[in-house]
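Inspection log for the structure reproduced underneath, given as structure tokens.
Numbering of ligands and ligand atoms starts at 1, following listing order. Please read all numbers here as calculations on a predicted model, not as lab measurements.
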Amino acid sequence: KGYSLTGAPDILLLTDIEEAMAGHTVGRSIVYFDDVDSTNNVAKEFARRGGETGTVVLADGQGKGRGRLERVFYCPPGKGLWFSVILRPDFLPKDAPKCTLLAAVAVVQAMEEFGLSAGIKWPNDILAGGKKLVGILTEMHAEIDRVKDIVIGIGIDVNFQPEDFPEDVREIATSLAILKGENVDRTSFLIAVLKRLDALYAEVMRKGFGPVLEAWRKHSVTLGQEVQALSQAGEGSFTGIAR
Ligand code: BTN
């Protein structure tokens with residue numbers, strides 16, 4: 001009577017991504033690796049050699065995924081989305097950290113498209129049910145008054161089950177698949193995030209960061225909470241309400 005397809009391997013479909021992102025700035029060019037040390041390292045190298053704005057460096061797995069504060073970020077093949085976007089904006093270096101907030105908003109909006117809700121913990125961890133599933137690492141190359149390039153690295157735990165996480169983060173990490181109760185197609189989710197990034201970045205170029213900050217506030221789980229701030233200048237710490 002014929003055949004039925006009961007499953008398909010979850011591979012990243014480069015041609016689908018390229019087709020979906022044609023005509024956009026973010027994703028106009030995709031550089032794909034099966035395995036790489038860190039997409040942020042590769043993207044920074046590309047940027048120094050003149051890689052154009054909007055270029056996305058994507059890997060199926062990363063051997064040395066990097067997190068903020070020199071932490072290690074676990075990025076096994078086949079389970080997540082590990083990618084970095086090169087941008088060459090014309091705003092001042094002091095505005096660069098806001099790109100991190102932009103990226104967090106883009107991922108949360110893409111999750112909403114997939115029927116999932118999440119909050120953003122200052123500055124850019126994405127949490128659901130108090131557990132983290134997305135990390136963002138933004139790095140900048142600048143002169144004192146001019147941004148040369150910004151690399152936004154985004155890591156999303158897509159099809160992890162609890163046992164797939166290293167033991168030390170198992171209790172505090174989650175994934176799109178755990179939240180949804182079924183696997184999520186990585187190619188479709190990546191396209192959704194890239195389209196959101198493209199639209200938000202275009203809005204920033206037209207109107208500044210106001211609308212992005214407003215969207216960030218809407219999703220923040222930090223504002224209104226008691227927080228402890230640690231001074232990097234050695235002045236100790238103080239607590240207060242995050243406004
Ligand atoms: C964090 O939570 O501390 C940030 C994690 C950022 C991970 C992403 S994965 C893609 C890109 N390449 C890296 O080496 N890091 C970022």
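The distance from ligand 1 to the heavy atoms of Ser38 drops below 4.0 Å at these ligand atoms: 12 (N), 13 (C), 14 (O). Close contacts between ligand 1 and Gly65 involve ligand atoms 14 (O) [criterion: under 4.0 Å to a heavy atom]. Ligand 1 places these atoms under 4.0 Å from at least one heavy atom of Gly67: 1 (C), 3 (O), 4 (C), 5 (C). Taking every heavy atom of Ser84 and a limit of under 4.0 angstrom, the matching atoms of ligand 1 come to 11 (C). Counting atoms of ligand 1 from 1 in the listed order, those under 4.0 Å from a heavy atom of Thr39 are 10 (C), 11 (C), 12 (N). For ligand 1 and Phe83, the ligand atoms under 4.0 Å from any heavy atom of the residue are 10 (C).
Counting heavy atoms from C-beta outward, Ile11 and Asp60 have side chains that stay 4.5 Å or more apart. Between Pro77 and Asp35, every side-chain heavy-atom pair lies at or beyond the 4.5 Å cut-off. Contact annotation: the side chain of Leu137 never approaches that of Phe73 to less than 4.5 Å [non-hydrogen atoms, C-beta and beyond]. You'll find the side chain of Leu101 reaches within 4.5 Å of the side chain of Trp122, heavy atoms only. Within the 4.5 Å cutoff, the side chain of Pro162 has heavy atoms near those of the Ile178 side chain.
In terms of protein heavy-atom proximity, atom 3 (O) of ligand 1 is nearest to Arg68 N, 2.7 Å. Protein heavy atom at the shortest distance from atom 2 (O) of ligand 1 is Lys132 NZ, 2.6 Å. Looking from atom 15 (N) of ligand 1 to the surrounding protein, the closest heavy atom is Arg66 O, 2.7 Å. Closest to atom 5 (C) of ligand 1 among all protein heavy atoms lies Phe73 CD1, 3.4 Å.
Using a 4.0 Å cut-off between heavy atoms, Ile136 contacts ligand 1 through its backbone alone, with no side-chain atom that close. Only the backbone of Ile154 comes within 4.0 Å of ligand 1, counting heavy atoms alone; no side-chain atom from C-beta on gets that close.
Between Phe160 and Phe165, the ring planes are parallel. Angles under 30° get that label, and only those over 60° would be called perpendicular.
Backbone and side-chain nitrogen or oxygen atoms of Gln62 are examined, and one is located within less than 3.5 angstrom of a nitrogen or oxygen of ligand 1.
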| Residue pair Arg48, Asp149: steps toward the salt bridge (Lys or Arg N to Asp or Glu O under 4.0 Å) verdict | CA-CA 8 Å; Arg48 304 302 177 272; Asp149 56 77; 3.0 Å; yes

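Residues that satisfy the side-chain hydrogen bond (donor to acceptor under 3.5 Å, both in side chains) test with Asp10, not counting sequence neighbours, are Asn159, Arg186.
Distance check: Thr55 OG1 to Glu52 CD gives 4.5 Å after rounding to the nearest 0.5 Å.
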